[in-house]
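Everything below concerns the one structure shown next.
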Amino acid sequence: MTLWTAVLAASVLCLALKAVGYLLPARWLEAPRSARIADLLTVALLSALVMVQTLGAGAAIVVDARVPAVGVAALLLWARAPFLVVVAAAALTAALLRLWGWAA
């Protein structure tokens, strides 16, 4: 299967899922249990994406300057810092560590 076939198949699948969502009764989607599952699923997917982007390098796990940068970001988010401050501090952390030679 080529890359474009996979992209087109995924696009059709996403469109079909969206159409099914419009066909479901509203009471199913507004139920507290469904809303809770959707909230938790969103957090889990975002967390997985952050970890894959932080530690992944192809098929290998790599600990480099991204790991402390994500730690700084998490600490600042916990302290309720503004989002732009979080992004700037994490980028500065990674940049300084790479400047000082910690690339991998």
Other residues, nucleotides and ligands only: do more than 12 of their heavy atoms fall within 6.0 Å of CG on L40? yes

Should we say atom CD1 of I61 is surrounded by more than 12 heavy atoms from elsewhere, each under 6.0 Å from it? no

Cluster check [X], [Y]: I/L/V/M/F/W/Y, side chain < 4.5 angstrom:
| X | Y | value |
| --- | --- | --- |
| V63 | L97 | yes |
| V87 | W78 | no |
| W100 | V67 | yes |
| L92 | V70 | no |

Work out which heavy atom in A90 is nearest to a heavy atom in V72; give both atom names and the distance. N-CG1, 4.5 Å

Using a 4.5 Å cut-off on heavy atoms from C-beta on, say whether the side chain of V85 contacts that of P82. yes

Going from [atom1] on [X] to [atom2] on [Y], what distance comes out if it is rounded to the nearest 0.5 angstrom?
| X | Y | atom1 | atom2 | value |
| --- | --- | --- | --- | --- |
| L76 | F83 | CG | CZ | 11.5 Å |
| L75 | T93 | CG | OG1 | 10.0 Å |
| T54 | D64 | OG1 | CG | 9.0 Å |
| S34 | L41 | OG | CG | 12.0 Å |

Is the backbone of A65 close enough, under 3.5 Å, to the side chain of R98 for a donor and an acceptor to pair up by distance? no

